[in-house]
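Just so you know, these numbers use all the heavy atoms, side chains as well, and skip hydrogens, waters and symmetry mates. Just so you know, ligand 1 is whichever comes first in the structure, and atom 1 is the first atom listed for that ligand.
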Amino acid sequence: MAAMIVAPKIRGFICTTAHPEGCARHVARQIDVVKSRGPITNAPKKVLVIGSSTGYGLSSRIAAAFGGGAATIGVFFEKPGAETRCGTAGWYNSAAFEREAGAAGLYARSFNGDAFSHDMKARVIDTIKAGLGQVDCVIYSLASPRRTHPDTGETFKSVLKPIGSSYTNKNLDTTTGVVNEVTLPPAEGDDVAQTVAVMGGEDWEMWMHALQDAGVLADGVVTAAYSYIGPELTWPIYKNGTIGKAKEDLERTQRALDERLAPLGGKAWISVNKALVTQASSAIPVVPLYISLLYQIMKDSGGHEDTIEQMDRLFRDRLYGNAEPQPDEAGRIRLDDLEMAADVQKTVAEQWDEVNTENLAKLGDFAGYQESFLRLFGFGLDGVDYDADTDTAVPVPSLA
Ligand code: NAD
């Protein structure tokens with residue numbers, strides 16, 4: 001057995017190590033949250049999650065399986081661990097998810113590789129045909145810095161830039177806790193088109209068309225992809241920036257898919273989720289400082305949610321169970337309702353002007369931010385002996 005002591009190694013906004021047992025604890029805690037709320041009625045029984053290993057996609061898979069009793073197929077791009085090297089957190093999360101699903105008697109299959117490729121879509125369709133027949137829910141939760149187009153072979157790179165003019169705002173160095181300022185140059189050349197090609201809707205559309213054309217979507221199928229809007233202070237870098245253009249394209253795709261799925265009585269949704277610490281969001285300038293302030297305010301008011309509470313609410317209250325999707329004027333589900341509440345945003349805006357390196361610990365929840373960040377990689381969880389050797393070569397059962 002390959003065993004070693006695993007400690008966090010943080011490089012900027014990523015952690016290059018992950019703790020297998022810690023990740024398993026993190027998954028188990030999410031399962032507990034969902035189970036404590038009881039079964040989700042009218043839940044989908046066969047669910048495909050694209051981007052299922054971390055963040056919102058992992059929590060979607062957990063809510064579907066442990067709230068709704070669903071068979072799940074998960075697609076992700078992760079590195080397995082080896083004798084003397086850690087795998088990625090998403091690998092260990094998926095290994096733990098499958099073990100828990102197996103123990104609960106739930107079907108679970110996983111695919112590790114490039115979701116943007118034709119080959120991955122074909123392999124998943126074959127597995128649906130052989131194992132499940134059809135799926136009745138498809139969650140699209142990819143976050144990636146690049147995409148190789150499956151028809152042309154061209155590789156696109158997504159950038160996080162404002163559009164039109166440069167943007168300067170406060171920023172948090174999440175390694176040192178220093179509040180400084182960042183200036184981001186505006187998008188140039190084909191930055192917008194490249195970002196839309198990676199994070200826009202084309203691949204979601206390709207997945208849904210491939211699944212529908214193969215006859216593996218059940219009548220009444222529901223599909224959802226995730227977006228973010230946030231407060232005005234982040235709009236230059238998010239909503240009105242390059243990534244915002246990609247999210248507009250995702251909304252265009254949602255409308256097109258709605259029409260395409262109509263003959264099946266199907267429905268496509270955009271769910272606008274809350275700002276939370278994930279591997280994807282920690283890479284966005286300005287956002288970590290906003291999240292640190294937001295966490296404190298929402299914890300004080302008792303309204304704080306993590307990805308699992310958000311995804312449980314999506315499945316239980318908005319899509320299934322006693323479903324009331326409560327779409328906004330643009331037809332989107334708003335799970336960011338608590339974040340965007342007027343009183344919460346008023347306090348964030350006031351504190352934003354005040355916050356600096358000295359008062360961050362008092363005004364914001366930087367400690368909570370760091371804890372959340374470390375938890376993503378399996379560190380800081382109760383009941384894990386971080387001084388003991390741990391087996392880094394953990395298999396994902398269906399990939400073994
Ligand atoms: P994440 O980084 O935690 O998860 C990304 C997932 O995509 C992982 O499972 C990863 O393995 C998978 N992936 C990436 N590239 C892949 C590829 N080529 N092939 C297969 N799998 C691949 O990200 P997240 O924050 O959970 O983001 C998921 C979605 O939620 C995104 O659309 C994001 O914009 C949206 N969202 C995030 C937030 C937030 O605050 N984190 C808020 C609202 C919406």
Side-chain angles (χ1 to χ4, degrees), residues 13-15 18 23 26 48-62 73-80 87-94 97 110-117 119-121 123-124 139-150 155-156 158 160 195 198-201 203-204 206-207 224-230 234 238-239 241-244 246-247 249-251 253-254 270-284 286-288 290-291 294-295 305-308 310-311 314 332-336 339-340 369 372-373 375-377 396:
F13 48 77
I14 59 162
C15 178
C23 289
H26 192 202
L48 168 62
V49 182
I50 302 154
S52 66
S53 54
T54 57
Y56 275 115
L58 171 66
S59 295
S60 306
R61 191 176 193 187
I62 291 172
I73 295 180
V75 180
F76 47 78
F77 209 164
E78 303 292 347
K79 273 205 195 82
T88 52
W91 178 268
Y92 294 136
N93 290 338
S94 303
F97 173 87
S110 299
F111 289 85
N112 188 31
D114 184 10
F116 297 128
S117 68
D119 175 61
M120 178 60 82
K121 293 173 178 76
R123 285 165 57 205
V124 168
I139 298 295
Y140 189 83
S141 186
L142 288 188
S144 173
R146 66 187 70 79
R147 166 173 174 237
T148 298
H149 197 281
T155 297
F156 300 102
S158 143
L160 292 158
T195 307
V198 179
M199 288 298 287
D203 182 59
W204 183 24
M206 285 182 158
W207 268 101
Y226 301 146
S227 187
Y228 182 64
I229 295 176
T234 63
Y238 204 97
K239 178 174 169 288
T242 49
I243 181 72
K247 294 300 185 187
D249 187 65
L250 203 63
E251 292 191 24
T253 304
Q254 176 266 323
I270 293 289
S271 175
V272 180
N273 300 342
K274 178 191 179 191
L276 280 171
V277 184
T278 65
Q279 294 187 39
S281 72
S282 50
I284 307 174
V286 182
V287 168
Y290 166 71
I291 290 182
L294 180 73
Y295 272 27
E305 295 174 300
D306 214 325
T307 54
I308 192 61
Q310 283 264 298
M311 293 300 96
L314 176 65
R332 301 168 296 209
I333 290 177
R334 299 300 297 265
L335 290 176
D336 64 343
E339 169 184 357
M340 298 312 290
Y369 182 97
S372 296
F373 181 77
R375 256 201 315 274
L376 298 177
F377 303 93
V396 174

- Under 3.5 Å donor-acceptor, K121 side chain and M206 backbone: no
Between ligand 1 and the protein, which N/O pairs are shorter than 3.5 Å?
residue	atom	partner	partner atom	Å
ligand 1	3 (O)	T54	OG1	2.8
ligand 1	3 (O)	G55	N	3.4
ligand 1	4 (O)	T54	OG1	3.0
ligand 1	9 (O)	G51	O	3.4
ligand 1	9 (O)	S53	N	3.1
ligand 1	9 (O)	S53	OG	2.6
ligand 1	11 (O)	S53	OG	3.1
ligand 1	11 (O)	F77	N	3.1
ligand 1	11 (O)	E78	OE2	2.9
ligand 1	18 (N)	D114	OD1	3.0
ligand 1	19 (N)	G113	O	3.2
ligand 1	19 (N)	A115	N	2.8
ligand 1	21 (N)	F77	N	3.3
ligand 1	25 (O)	T278	OG1	2.6
ligand 1	26 (O)	Y56	N	2.8
ligand 1	32 (O)	Y226	O	3.4
ligand 1	32 (O)	K247	NZ	2.9
ligand 1	34 (O)	K247	NZ	2.8
ligand 1	40 (O)	L276	N	2.9
ligand 1	40 (O)	L276	O	3.2
ligand 1	41 (N)	L276	O	3.4
ligand 1	41 (N)	T278	OG1	3.0

- Can you sort out the partners of T307 under side-chain contact (heavy atoms from CB on, under 4.5 Å), two or more places apart, ordered by chain and number? Q30, Y56, S59, L276, T278
- Query: So Y140 and W204, would you call those rings parallel, tilted or perpendicular, with 30° and 60° as cut-offs?
  - Reply: parallel
- Message: Test of understanding: with side-chain hydrogen bond (donor to acceptor under 3.5 Å, both in side chains), list the residues that count as partners of D306, not counting sequence neighbours.
- Response: none
- Query: Would S60 and Y226 count as a side chain to side chain donor-acceptor pair (under 3.5 Å) if you check the C-alpha gap in whole Å, the side-chain angles of each, and the deciding distance to 0.1 Å?
  - Reply: CA-CA 11 Å; S60 306; Y226 301 146; 2.8 Å; yes
- Task: Using side-chain contact (heavy atoms from CB on, under 4.5 Å) as the criterion, list what pairs up with L376, not counting sequence neighbours.
- Result: V277, Q279, F373
